[in-house]
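Computation of the quantities below employed the complete heavy-atom set of this structure, encompassing side-chain atoms and omitting hydrogens, waters and symmetry-equivalent molecules. Please read these numbers as outputs of a predicted model, since none were measured by experiment.
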Amino acid sequence: MRAVERVDAPLGPKTALLERAVGQRIAAVERRGKFLTLPLVRSPSAVPADVLVLHLGMTGVLGPREPSAHLRVRLRLDGPDPDVLFVQDARRFGRWLVLPDGDPVSLPTLAAMGPEPLGAGFTVAGFAAALARSRAPVKALVLSQRPVAGVGNIYADEALWRARVHPLTPAADVPRAKVRALHGAIRDVLAAAVEAQGTTLYDYRTVNGEVGAYLEQLDAYGHDGDPCPRCGAPIVKLVVAQRGTHVCPRCQRAPRGARAPIRGPARRRAPEAGR
DNA sequence: CGAGTGCCCTGACAGC
DNA sequence: TGCTGTCAGGGCACTC
């Protein structure tokens with residue numbers, strides 16, 4: 001069990017409690033959704049109380065090599081090499097903090113997080129119940145991490161496309177058969193993406209510095225203007241929950257009342273062709 | 001309390 | 001060449 005000898009990070013509200021990690025031992029390395037959670041103990045036989053939480057955001061990289069730029073956290077451990085871990089985060093969307101006594105009050109998303117998508121706790125029945133409670137657009141609800149953990153914008157689009165569910169459908173209106181399909185699609189997409197070591201659009205790298213290969217398997221995300229791989233209709237891009245959203249207008253039927261496609265803020269004409 | 005919006009932050013890129 | 005504006009997105013803070 002390695003102990004934290006020193007933490008260097010810029011001071012601020014997001015990092016104010018990091019120094020609580022100093023002198024404690026890392027009892028485990030766990031993950032909840034997109035959060036890394038490291039329970040800390042004050043002695044090898046103690047029960048974990050504080051939890052060191054790392055969220056890498058979109059551009060965060062955690063690894064043993066010192067980055068050439070955008071270093072945010074330096075974590076010095078006792079014991080053998082590697083004895084220093086670095087967090088690089090160009091866009092500063094990451095978070096790193098200690099939750100005293102594991103209290104997630106400052107991280108509401110973590111506190112209310114749904115089951116792990118690849119675990120046994122993610123059931124069709126539970127997923128259906130979560131959707132039935134909300135009239136938010138189904139994509140917005142999925143992105144909230146509450147019905148299921150770990151689904152971000154790319155994989156939400158892919159799963160909805162596979163299940164033939166329009167992202168603007170009110171969650172409670174998704175038919176039972178499509179809830180089942182979406183549940184399966186989320187599992188399939190995430191399992192395949194993990195297998196491919198993720199999706200590198202721009203910055204993302206694995207812990208070994210490699211790009212993620214799932215980019216090549218994307219069917220909908222980023223394919224606006226391209227033919228749908230299933231039916232050939234052009235994929236359309238719209239905005240749902242402030243996120244770029246890619247839909248096949250033929251396979252994914254829009255809910256009644258939704259006018260599609262919704263372009264973003266109508267202050268600027270969209271470019272003629274995709275890149 | 002659920003839903004929607006604004007914001008953070010930097011790099012890539014388009015357009016002039 | 002260099003400037004300006006826009007866009008990308010995970011999660012929190014805030015408003016309605």
Novice: So what does L107(A) touch, heavy atoms closer than 4.0 Å: a base, only the sugar-phosphate, or nothing?
Specialist: sugar-phosphate
Novice: Can you find a side chain N or O atom of H70(A) that sits less than 4.0 Å from OP1 or OP2 on dC9(B)?
Specialist: no
Novice: Rounded to whole Å, please give me the gap between CG in N153(A) and P in dC7(C).
Specialist: 15 Å
Novice: Ignoring hydrogens and geometry, is there a side-chain-to-backbone donor-acceptor pair from Q242(A) to V240(A) under 3.5 Å?
Specialist: no
Novice: Does R91(A) contact dA8(C) through a side-chain donor or acceptor facing the base, at a distance under 3.5 Å?
Specialist: yes
Novice: Below 4.0 angstrom from OP1 or OP2 of dA8(C), is there any side-chain N or O of K237(A)?
Specialist: yes
Novice: Among dA3(B), dC12(C), dG10(C), find the nucleotide with the atom closest to the side chain of H55(A).
Specialist: dG10(C)
Novice: Using a 4.0 Å heavy-atom cut-off across all strands, classify S134(A) as base, sugar-phosphate, or nothing.
Specialist: sugar-phosphate
Novice: Between R146(A) and R243(A), which is nearer to the 5' end of DNA chain B once each is assigned its nearest nucleotide?
Specialist: R146(A)
Novice: Between P on dG10(C) and CZ on F35(A), what's the gap in Å once rounded to a whole number?
Specialist: 12 Å
Novice: Calculate the interatomic distance between D89(A) atom CG and dT10(B) atom P; express it in whole Å.
Specialist: 10 Å
Novice: Is the phosphate of dT10(B), meaning OP1 or OP2, less than 4.0 Å from a side-chain N or O of R92(A)?
Specialist: yes
Novice: L56(A) and D89(A): side chain to side chain contact (heavy atoms under 4.5 Å, CB included), yes or no, with the steps?
Specialist: CA-CA 7 Å; L56(A) 296 174; D89(A) 184 20; over 6 Å; no
Novice: L131(A) CG to dG2(B) P: how many Å, rounded?
Specialist: 15 Å
Novice: Can you tell me the distance, in whole Å, between the CG atom of L141(A) and the P atom of dA3(B)?
Specialist: 7 Å
Novice: Near Q217(A) CD, under 6.0 Å, is it more than 12 heavy atoms from other residues, nucleotides or ligands?
Specialist: yes
Novice: Would you say E158(A)'s side chain and A220(A)'s backbone share a donor-acceptor pair under 3.5 angstrom?
Specialist: yes
Novice: Check the phosphate of dG11(C) against Q145(A), side-chain N and O only, distance under 4.0 Å to OP1 or OP2. Yes or no?
Specialist: yes
Novice: Compare the ring of F93(A) with the six-membered ring in the base of dG9(C) and state whether they stack (centres under 5.5 Å, planes under 30°).
Specialist: yes
Novice: Roughly how far, to the nearest 0.5 Å, is the OG atom of S144(A) from the CE atom of M113(A)?
Specialist: 9.0 Å
Novice: Which of these nucleotides, dA3(B), dG9(C), dG6(B), is closest to any side-chain atom of R135(A)?
Specialist: dA3(B)
Novice: Taking atom C1' of dG9(C) as reference, at what distance in whole Å does atom CG of L143(A) sit?
Specialist: 10 Å
Novice: In whole angstrom, what separates K139(A)'s NZ from dG11(C)'s P?
Specialist: 14 Å
Novice: Between P on dA8(C) and CD on Q242(A), what's the gap in Å once rounded to a whole number?
Specialist: 12 Å
Novice: Under 4.0 Å from OP1 or OP2 of dA8(C): is there any side-chain N or O of Y221(A) that close?
Specialist: no
